[in-house]
Amino acid sequence: MCATWRSSRVVDEGSFRAAAKAIGLAPSRVSETVSELETYLGVTLLYRTTRRIALTNEGRMFYVRVTEMLRSAETGLNELNALSLEPVGALRVSMPAFMSSSALATAMAEFTRRHPQVALSLTFTDARTDLLEDGFDVNIRVGWLDDSSMMSRKLGESDRALVAGTGYAATRPRPTHPSDMEDWDWLRYRHRSEYTTLYGPDGGSEKVLGQARLEVDSVDALYHFTLQNLGATVLPEHLAARGEAEGKLTRLLPGWRLLPLGYFAVWPDTSRRESLTLLFVRFISEWHSAAANPIPDHRS
């Protein structure tokens, strides 16, 4: 069963290296597994060249049967989970690295505690991941969705804050309008627009370009370098609040606001683990919502 599954992943991913990455094994081990299966069956399943792989006639026949078998197994597991009081299975989830200490990560920890028969594999990265190509069951995305082919559920929103290192801010006149910050040094997040749009108390908006002194592809790195007093930037509220509480960050233009970021769970409409995926998404959504809006205690 393990060998046939690994063989099918090689076909699905298009190469031994990609399959090995998705499975979490060395490429040589995946190649050995396929070779051992071919020896056992007495046929060649894959043509191998330095650039690509291709199914043999026997390989095509075998792949069809293997995918049917795996689909049946997944369907059976979904049906068992739908009936079982204790869900069983594994989920691969990706989420932005800067959310590793967020309320959503805490919700996932609680999910793991409550469902000990479910194994979560969490990948934290600020790079955009592809659900199907990268082999994830669920992606947590930040921003606003533009992919209508996937299932999704909004988990909440997060405010953002315009900040600078306290030491850096002390060297500049206190800004009262976004235009005052055009000559400031800025720290840029690579996956965000070069312009920072702020909305004033009158409903109008202003865009600030500023001088990008440093560009990074990680929000955690953005937070770290802002603490080093290299300039101004935009951070998620939970990081801005942390730096402000420690006296290391200063909020700028408090009368102006930034659009919040939406948090979404996204998964394929043909999820391999449909019932488990829906259970997971529903749990983290409801837990996160309850944590953000706790029920008041009227006993006092």
Side-chain angles (χ1 to χ4, degrees), residues 95-109 122 124-128 140-144 155-263 288 291-294:
M95 61 191 301
F98 74 88
M99 296 180 68
S100 60
S101 59
S102 67
L104 273 177
T106 304
M108 294 178 191
L122 302 179
F124 292 92
T125 174
D126 286 340
R128 185 69 176 263
I140 305 300
R141 293 184 182 172
V142 177
W144 301 101
L155 304 175
E157 293 185 2
S158 172
D159 288 335
R160 299 183 294 160
L162 178 64
V163 298
T166 300
Y168 180 88
T171 68
R172 298 278 180 151
R174 188 76 175 178
T176 59
H177 189 272
S179 60
D180 296 337
M181 299 193 63
E182 286 288 356
D183 64 345
W184 283 48
D185 294 317
W186 283 75
L187 308 178
R188 297 279 180 213
Y189 179 50
R190 187 171 301 161
H191 305 298
R192 187 186 297 147
S193 169
E194 292 184 352
Y195 288 91
T196 299
T197 304
L198 295 125
Y199 296 84
D202 61 353
S205 65
E206 296 284 343
K207 289 186 176 181
V208 184
L209 178 59
Q211 301 298 315
R213 187 174 181 185
L214 182 70
E215 181 182 77
V216 298
D217 64 354
S218 159
V219 174
D220 284 331
L222 192 68
Y223 174 73
H224 174 78
F225 285 116
T226 307
L227 295 182
Q228 307 309 307
N229 295 303
L230 295 181
T233 196
V234 174
L235 290 175
E237 174 58 32
H238 75 282
L239 292 179
R242 181 193 304 172
E244 185 181 36
E246 295 174 353
K248 297 177 180 179
L249 291 181
T250 298
R251 291 179 187 261
L252 305 170
L253 299 173
W256 294 72
R257 66 182 182 87
L258 295 138
L259 289 180
L261 291 174
Y263 292 167
H288 181 262
N293 303 286

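Heavy atoms only: backbone and side chains are in, while hydrogens, waters and symmetry mates are out. In this chain, numbering begins with 1 at the start of the sequence shown.
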K.L.:
Given side chains that start at C-beta, do those of Leu258 and Thr196 come closer than 4.5 Å, heavy atoms only?
P.N.:
yes
K.L.:
What residue pairs, at least two apart or across chains, pass ring pair (Phe, Tyr, Trp, His ring centres under 6.0 Å) with a residue in residues 209-252?
P.N.:
none
K.L.:
List the steps and the verdict of side chain to side chain contact (heavy atoms under 4.5 Å, CB included) for Asp185 and Arg172.
P.N.:
CA-CA 11 Å; Asp185 294 317; Arg172 298 278 180 151; 4.2 Å; yes
K.L.:
Which atom names give the shortest non-hydrogen contact between Met99 and Ala105, and what distance separates them?
P.N.:
O-CB, 3.4 Å
K.L.:
Do the side chain of Thr233 and the main chain of Leu187 share a donor and acceptor less than 3.5 angstrom apart?
P.N.:
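At least one qualifying donor-acceptor pair exists.
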K.L.:
Would you call Glu244 and Arg251 a salt bridge, using N to O less than 4.0 angstrom?
P.N.:
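Here Glu244 pairs with Arg251 in a salt bridge, since their nearest N and O are under 4.0 Å apart.
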K.L.:
Measuring only between side-chain heavy atoms, which start at C-beta, is Val208 closer than 4.5 Å to His177?
P.N.:
no
K.L.:
Once rounded to the nearest 0.5 Å, what's the spacing between atom CG of Leu261 and atom CZ of Arg160?
P.N.:
4.5 Å
K.L.:
Side chain to side chain contact (heavy atoms under 4.5 Å, CB included) between Met108 and Leu122: does it pass, once the steps are laid out?
P.N.:
CA-CA 9 Å; Met108 294 178 191; Leu122 302 179; 3.9 Å; yes
K.L.:
Side chains of Tyr263 and Ser158: closer than 4.5 Å at any heavy-atom pair?
P.N.:
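Of all side-chain heavy-atom pairs linking Ser158 with Tyr263, at least one is under 4.5 Å.
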K.L.:
With rounding to the nearest 0.5 Å, note down the distance linking CG in Leu259 to CG in Asp159.
P.N.:
10.5 Å
K.L.:
Shortest non-hydrogen contact from Gly255 to Pro201?
P.N.:
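Looking at all heavy atoms of both residues, the closest pair is O-CD, 3.4 Å.
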K.L.:
First locate atom CG of Leu104, then atom CG of Leu155, and finally report the distance between them rounded to the nearest 0.5 Å.
P.N.:
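Output value for this atom pair is 5.5 Å.
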K.L.:
Tell me, do Arg213 and Trp186 make a side-chain contact under 4.5 Å, heavy atoms counted?
P.N.:
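Sidechains of Trp186 and Arg213: no contact.
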K.L.:
Please lay out, stage by stage, how Glu215 and Leu222 fare under the test side chain to side chain contact (heavy atoms under 4.5 Å, CB included).
P.N.:
CA-CA 8 Å; Glu215 181 182 77; Leu222 192 68; over 6 Å; no
K.L.:
Holding to side-chain hydrogen bond (donor to acceptor under 3.5 Å, both in side chains), I want the full list of residues that pass it with Glu194, two or more places apart in sequence or in another chain.
P.N.:
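Listed in chain order: nothing, the list is empty.
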K.L.:
Does Ser102 use its side chain to pair, donor to acceptor, with the backbone of Phe98 at less than 3.5 Å?
P.N.:
no
K.L.:
Within this structure, what is the CG-CG distance for the pair Leu239 and Asp220, rounded to the nearest 0.5 Å?
P.N.:
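Rounded to the nearest 0.5 Å, the CG-CG separation comes to 6.5 Å.
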K.L.:
Do the non-hydrogen side-chain atoms of Leu252 and Trp184 ever get within less than 4.5 Å of each other?
P.N.:
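Side-chain contact under 4.5 Å: yes.
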K.L.:
Of all heavy-atom pairs between Asp126 and Ser218, which one has the smallest distance, and what is that distance?
P.N.:
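Closest approach of Asp126 to Ser218: OD2-CA, 3.2 Å.
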K.L.:
For Glu182, I'd like to know if atom CD has over 12 heavy atoms of other residues, nucleotides or ligands within 6.0 Å.
P.N.:
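Yes, the 6.0 Å shell around CD holds more than 12 heavy atoms from other groups.
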K.L.:
Taking side chain as C-beta onward, heavy atoms only, is Pro236 less than 4.5 Å from Val219?
P.N.:
yes
K.L.:
Report yes or no: does Ser205 contribute a side-chain atom to a donor-acceptor pair with the main-chain N or O of Tyr199 at less than 3.5 Å?
P.N.:
no
K.L.:
Nearest 0.5 angstrom please: Ile140 CD1 to Phe124 CZ, how far?
P.N.:
10.0 Å
K.L.:
Can any side-chain N or O of Asn229 pair as donor or acceptor with the backbone N or O of Gly167 at less than 3.5 Å?
P.N.:
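Confirmed, Asn229 side chain pairs with Gly167 backbone.
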K.L.:
State, to 0.1 Å, how close Val163 and Ala240 come at their nearest heavy-atom pair, and which atoms those are.
P.N.:
CG1-CB, 4.0 Å
K.L.:
Find the distance between CZ (Arg192) and CG (Asp217) and round it off to the nearest 0.5 Å.
P.N.:
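Spacing of CZ (Arg192) from CG (Asp217) equals 12.5 Å.
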K.L.:
Just so I know, are the side chains of Val234 and Tyr189 near enough to count as touching, which here means a heavy-atom distance under 4.5 Å?
P.N.:
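With C-beta onward as the side chain, the pair stays apart.
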K.L.:
Can you confirm whether the side chains of Arg242 and Ser101 place a donor and an acceptor under 3.5 Å from each other?
P.N.:
yes
K.L.:
Measuring only between side-chain heavy atoms, which start at C-beta, is Leu198 closer than 4.5 Å to Lys207?
P.N.:
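No, their side chains stay 4.5 Å or more apart.
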